[in-house]
Amino acid sequence: MSKVITPRAEDYSAWYLDIVKNANLADNSAVRGCMVIKPYGYAIWENMRDALDLRFKATGHVNAYFPLFVPKSLFEAEEKNAEGFAKECAVVTHYRLKNDASRPGKLMVDPEAKLEEELVVRPTSEAIIWNTYRDWIQSYRDLPLLINQWANVVRWEMRTRPFLRTAEFLWQEGHTAHATKEEAIAETVTMLDVYADFAENVMAMPVIKGVKSANERFAGAEDTYCIEALMQDGKALQAGTSHFLGQNFAKAFEVKYLNKDNQQEYVWATSWGVSTRLIGALIMVHSDDAGLVLPPKLAPMQVVIVPIPNAVSPVIEECDRLAAELRSHGVRVHIDTDETKRSGFKFAEYEMRGVPVRVAIGKRDIENGTLEIARRDTKEKQTYPMADSSGIIRALLDEIQQNLYNRAKEYRDAHITHVNSFDEFKEVLETKGGFISAHWDGTGETEERIKELTKATIRCIPLDAANEDGVCVLSGAPSKQRVLFAKAY
RNA sequence: CGGGGUGUGGCUCAGUCCGGUUAGAGCACCUGCUUUGGGAGCAGGGGGUCGAGAGUUCGAAUCCCUCCACCCCGACCA
């Protein structure tokens, strides 16, 4: 296969699609808007899932599974949430097919098999979950209820892109119930911190924690917290959200508990989620024109060993010995003994697939007691003594993880620009991109107007924003703090 | 949902305007030999109801009609 990746500078969007295809992450499918996640892409998701699940468990959550289908009457119970998703719901209306008399061998929907009540394919599960929680929660002793589910959801999108926006996607959704408002808000913030920790320490992707403006808030939430990341093309991407839902769902579904004073009270709720979209973020934060670049903590193969020539004694024995040594330290190693491919091809192939460390061992090395180690992040390669190799490689994996984070953070920090006028705002947005830190008067009208004029939206009001008196870049009205604008995915 | 475009081996496309033997190329794939430290070379080989249906014609990938799918640009979105 001659694999050519479009350079980022030429066409960023084509570059992204080339990475997805050539790194074997996903394929288009026969289903409009839906992708097939291939084994290599799915292995990355599994690593993300495992790291997140560990963190969810560590913060007291348990997993459960709720149905894919939501009866329409339940779905519409919390009005704001239902309205927010109404335009992109897949709906099941029938439960049977039959032979089509007019077209032999073909099937048709049986008009006799119409459902009495349509079923919405979940775009999110608040409705079915809160309807269930009503029965599970009676007393303050049942609280807090801390449940997560790993699931697929469907949002009928017009324009789709692999991982970033597909009609069906995989995610996790946490849904918790609490006795007090304070406790629910604390949970919302805790899970935001979990996401930020995961993004920065596992994905090596720096994020900004913040709160969404009213326009960008999750439908049905009182407050939406988010982590925002910056992609290499200067566009922002929401990498995770954590919602304080107030008592909206409790009231819609009558979820009450008896407090210590024997009085009925509505519970307080949160929900939080991240999706396979994170794989899209991972690609766009670290990868280069040679292909995917993966942080070691998520790479399905952390080290690939290429014997030169293939599978020949004593080269192969040395490869096996090193692999065993690395595996005993928990390193994920792959030895490529495929004799039908040349080593040069393999080098290019593993670069394309983002394997953090490549080791080459040849006859020459056996004679010299050496091996060649190449790192994917900087593409440097160097020869080392065989004797020290396991320790060197393990240290290198840590270094690569750290370097990817530092590199991404440097880029991100260099692309947060403070502006004080709308002219400056527009110029920075067009010439430099990235986050624009500016004063905003707090009104939805101004936010909407800025979006119309520039296509930039408020990504978040950073949690660590300092109090600073100023005037709104558009309206000139007084403002107490800066917010972050950007064009977004 | 509006505007534009494209459907030909697994992939990228030529051929369509102006109908004419067995429908082509590159890549990929299979076999053999030589190779193997940055995407190998040579030789041989397999694979297509030309998006679908109906029509015009002696003859259709090519012309007419209908339908379908996908892509790009907008509006909407994690």
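Chain A is the first sequence line, chain B the second, and so forth, proteins listed ahead of strands; every chain is numbered from 1.
- Taking atom C1' in both B/C70 and B/G51, the straight-line distance is 10 Å, to the nearest Å.
- With both ends at atom P, the span from B/C50 to B/U21 equals 15 Å, rounded to whole Å.
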Could you go through residues 338-346 of chain A and list every donor-acceptor pair under 3.5 Å that involves a side-chain atom there, pairing it with any protein atom two or more places apart or in another chain?
from, atom 1, to, atom 2, distance (Å)
A/D338, OD1, A/T340, N, 2.8
A/D338, OD1, A/T340, OG1, 2.7
A/D338, OD2, A/K341, NZ, 3.2
A/K346, NZ, A/N310, OD1, 2.6
A/K346, NZ, A/D336, O, 3.1
A/K346, NZ, A/D336, OD1, 3.4
A/K346, NZ, A/D338, O, 2.9

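- Rounded to whole Å, atom P of B/U36 lies 17 Å from atom CD1 of A/I316.
- Between A/F347 and A/A488, the residue whose closest nucleotide on RNA chain B is further toward the 5' end is A/F347.
- For the C1' atoms, the distance linking B/G3 with B/U49 amounts to 35 Å, nearest Å.
- Here the side chains of A/F163 and A/Y16 are in contact, with some heavy-atom distance below 4.5 Å.
- Going from the C1' atom of B/G74 to that of B/C29 covers 41 Å, rounded to whole Å.
- The nucleotide B/A14 finds no pairing partner, because no Watson-Crick or G-U wobble arrangement with both distances shorter than 3.5 Å includes it.
- Pairing partner, B/U66: B/A52, with both Watson-Crick or wobble hydrogen-bond distances short of 3.5 Å.
- Checked against B/C76, B/G38, B/G39, the side chain of A/M352 finds its nearest nucleotide in B/G39.
- Distance from the side chain of A/I308 is smallest for B/G37 among the nucleotides B/C76, B/G37, B/G39.
- For A/F345, the listed nucleotide lying nearest its side chain is B/G39; candidates were B/G37, B/C76, B/G39.
- B/G47 sits 16 Å from B/U22 when the C1' atoms are compared, rounded to a whole Å.
- The nearest whole Å value for the distance from the NZ atom in A/K487 to the P atom in B/G74 is 11 Å.
- Atom CZ in A/R161 sits about 12 Å away from atom C1' in B/C72, given to the nearest Å.
- Base pairing of B/G74: its partner is B/C1, meeting the Watson-Crick or G-U wobble criterion (both donor-acceptor distances under 3.5 Å).
- The residue A/K379 sits apart from the nucleic acid: no heavy atom pair falls under 4.0 Å.
- With no hydrogens or angles considered, no side-chain donor-acceptor pair links A/R122 and A/T124 at under 3.5 Å.
- Between the side chain of A/N22 and the backbone N or O of A/D18, at least one donor-acceptor pair lies under 3.5 Å.
- Residue contacts shown for A/Q238 are limited to sugar-phosphate atoms, with no base heavy atom under 4.0 Å away.
- Two residues are said to be in side-chain contact when any heavy atoms from C-beta on lie closer than 4.5 Å; A/I147 and A/I129 fail this criterion.
- Nucleotides B/A69 and B/C27 place their C1' atoms 25 Å apart, quoted to the nearest Å.
- Side chains of A/K212 and A/Q238: a donor-acceptor N/O pair is present below 3.5 angstrom, by distance only.
- Nucleic acid contact for A/K363: base, since at least one base atom lies under 4.0 Å from a heavy atom of the residue.
- Taking every side-chain heavy atom of A/S343 into account, B/U36 is the closest of B/A75, B/U36, B/G38.
- Residue A/R342 is the one, among A/G33 and A/R342, whose nearest nucleotide of RNA chain B lies closer to the 5' end (criterion: closest heavy atom).
- When rounded to the nearest whole Å, the span between CD1 of A/I361 and P of B/U36 equals 19 Å.
- Using a 4.5 Å heavy-atom cutoff, the side chains of A/P462 and A/K209 are not in contact.
- With a cut-off of 3.5 Å on both Watson-Crick or G-U wobble distances, the partner of B/G59 is given as none.
- Across the protein-nucleic acid pair, A/E452 atom CD and B/C76 atom C1' stand 14 Å apart, rounded to whole Å.
- Across every strand in view, B/G9 sits unpaired, with no contact that passes the Watson-Crick or G-U test at under 3.5 angstrom.
- Counting any heavy atom pair closer than 4.0 Å across all strands shown, A/Y489 reaches no nucleic acid atom.
- Remark: B/G44 base-pairs with B/C30. Criterion, Watson-Crick or G-U wobble with two distances under 3.5 Å.
- Residue A/N28 is classed as having no contact, given no heavy-atom separation below 4.0 Å to the nucleic acid.
- Spacing of P atoms, B/G7 relative to B/C63, comes out at 12 Å, to the nearest Å.
- Within 4.0 Å (heavy atoms only), A/L164 reaches at least one base atom of the nucleic acid.
- Nucleic acid contact for A/E351: base, since at least one base atom lies under 4.0 Å from a heavy atom of the residue.
- If you check distances only, the side chain of A/R358 does reach the base of B/G38 with a donor-acceptor pair under 3.5 Å.
- Across the P atoms, B/C1 and B/C64 are found 27 Å apart, a figure rounded to whole Å.
- In this structure, A/T166 reaches the bases: a heavy-atom distance under 4.0 Å links it to at least one base atom across the strands shown.
- The closest donor-acceptor contact from the side chain of A/Y195 to the backbone of A/G273 lies under 3.5 Å.
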